[in-house]
Undergrad: 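A single structure is presented below for examination.
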Protein chains: 2
Amino acid sequence: MARAGLTTERVVRAGAELADEAGFDAVTLSALARRFDVKVASLYSHLKNSQELRTRIALLALEEMADRAAAALAGRSGRDALAALGDVYRDYAHQHPGRYAAAQLRLDPETAAASAGRRHSEMARAVLRGYDLAEPDRTHAVRLLGSVFSGYVGLELGGGFAHSAPDSAQSWTRILDSLDALLRNWPATEERSP
Amino acid sequence: MARAGLTTERVVRAGAELADEAGFDAVTLSALARRFDVKVASLYSHLKNSQELRTRIALLALEEMADRAAAALAGRSGRDALAALGDVYRDYAHQHPGRYAAAQLRLDPETAAASAGRRHSEMARAVLRGYDLAEPDRTHAVRLLGSVFSGYVGLELGGGFAHSAPDSAQSWTRILDSLDALLRNWPATEERSP
DNA sequence: ACATTTGCCTAAAGGCTATAGGCAACCTAG
DNA sequence: CTAGGTTGCCTATAGCCTTTAGGCAAATGT
């Protein structure tokens, strides 16, 4: 009987494709076995269980996004860098919704530590080098950027802005503008409304 | 044989409790049937299918959050109102993580239209009455608030800020400060870095 | 060529969803 | 208070997904 030539790598990659085509929830070992025309049990030679498949897709997505982000940030600073980083996440989510959904999985601490997660926060910090922020505000700002990017993309993908004016792309641009303005003019502690 | 006294209402409420205790993914008709000491098939008299259960938990969460938000906004404006609204979402997510997760479900358009979703955007708009924003910037700002709130809470719940300084609560406060400052000083279109 | 490893198989069990059909508990009328 | 109808929960069944155990054959290397 001819062998299918499965490897963990190939299975994970097919899982990522399936996620983008049919949604992350449709990523099952059964569906993947059908795709490779193989019996389900065979996949267990390459993956511990279905959880490992999901986790590996998440790690793949995090790596891919980090690679894109690193490329996008090269040679940019200030608002350009900010927009480039935001666009990386937003574009990736539109192009690979299933992978992006995978990347939102909660990873256990050691897996997270070994993931590209660190690279992502390093890149947000790199963007902030173009602004004048000292610790701990720099960290607060990193968290703000992460929140806005993941929040906006999540709502947009969830259809939150779908059927109302103005266009989501316009809000995105304006929000990047406003974040740029905020970072250039970061409030000192205790500055509040009168 | 004594009857269990099931109703759609009670089943959904139990589902919400189960979600908070065991995670939204653990909300299955099987688990709920065990909780009521009833056979699974019996639940189908009260729910069309398991999707309806999940959707109803999401709608319940959206209502509860909207009710809390309405109460929190009464008599507040400016930064107070902004922080009150943000705290509603953040506190609710900490107190009811399963329900909050349910509220992130993508609802089909008609269900979404009948949900408390509209109330939420109305309340964000109400907060913005304390700031000087005209359309379309008001809508952009509503979307920004939604993004920051849902993004921050999502990352925090996902453990993103768990094991690093500074404390997540401090970042939250500073981020509310910075949003307040941004809204008070919303950039005119085309204002960008030199 | 033979022995070993490896890849994919069959078989089987357990869990969740879903549908169909039945009986008994409850409600309502007369 | 009992006859009838309705409703609530039941059993039975089937399909799909995950996971483990154990077996045969294809690939590998000596």
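Keep in mind the model is a prediction, meaning the values are calculated, not measured.
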Undergrad: Check every atom of C:dC8, D:dC10, C:dC16 against the side chain of B:Ala41 and return the nucleotide holding the closest atom.
TA: D:dC10

Undergrad: On the nucleotide D:dG8, are OP1 or OP2 found under 4.0 Å from the side-chain N or O atoms that B:Ser42 carries?
TA: no

Undergrad: Any side-chain N or O of A:Ser45 below 4.0 angstrom from OP1/OP2 of C:dG7?
TA: no

Undergrad: So does A:Ser50 get a side-chain nitrogen or oxygen closer than 4.0 Å to the phosphate oxygens (OP1/OP2) of D:dC17?
TA: no

Undergrad: Please give, in whole Å, the distance from D:dT18 C1' to A:Glu52 CD?
TA: 15 Å

Undergrad: Indicate, with a heavy-atom threshold strictly under 4.0 Å, whether A:Ala31 touches base, sugar-phosphate, or nothing.
TA: nothing

Undergrad: Given 3.5 Å as the limit, does a donor-acceptor pair link the side chain of A:Arg138 with the main chain of A:Leu133, or not?
TA: yes

Undergrad: Starting from P on C:dT19, measure out to CG on B:Leu29 and report it in whole angstrom.
TA: 11 Å

Undergrad: Cut-off 3.5 Å, side chains only: do A:Ser50 and A:Arg54 have a donor facing an acceptor?
TA: yes

Undergrad: Please determine if B:Arg143 forms a cation-pi arrangement with A:Phe161, meaning its NZ or CZ atom is less than 6.0 Å from the six-membered ring centre and no more than 45° off the ring axis.
TA: yes

Undergrad: Without decimals, in angstroms, what is the distance between A:Arg35 CZ and C:dC8 C1'?
TA: 20 Å

Undergrad: Tell me which nucleotide among C:dT19, C:dA18, D:dC17 gets nearest to the side chain of A:Thr28.
TA: D:dC17

Undergrad: Please check the phosphate of C:dG15 (OP1 and OP2 only) for any side-chain N or O of B:Arg34 closer than 4.0 Å.
TA: no

Undergrad: Roughly, in whole Å, what's the span from CG in A:Leu32 to P in C:dC8?
TA: 13 Å

Undergrad: Within a strict 4.5 Å, meaning less than it, do heavy atoms of the B:Leu157 and B:Tyr152 side chains meet?
TA: no

Undergrad: With a 4.0 Å limit, can you tell me whether B:His46 has a side-chain N or O closer than that to the phosphate oxygens OP1/OP2 of D:dC9?
TA: yes

Undergrad: Atom OH of B:Tyr44 to atom C1' of D:dG8: distance rounded to whole Å?
TA: 17 Å

Undergrad: How long is the line joining CG of B:Leu18 and P of C:dC16, in whole Å?
TA: 11 Å

Undergrad: In whole angstroms, how far is the C1' atom of D:dC10 from the NZ atom of B:Lys39?
TA: 9 Å

Undergrad: Rounded to whole Å, please give me the gap between CZ in B:Arg54 and C1' in C:dC16.
TA: 10 Å

Undergrad: Would you check if there is a donor-acceptor pair between the side chains of B:Arg106 and B:Thr111 at a distance under 3.5 Å?
TA: no

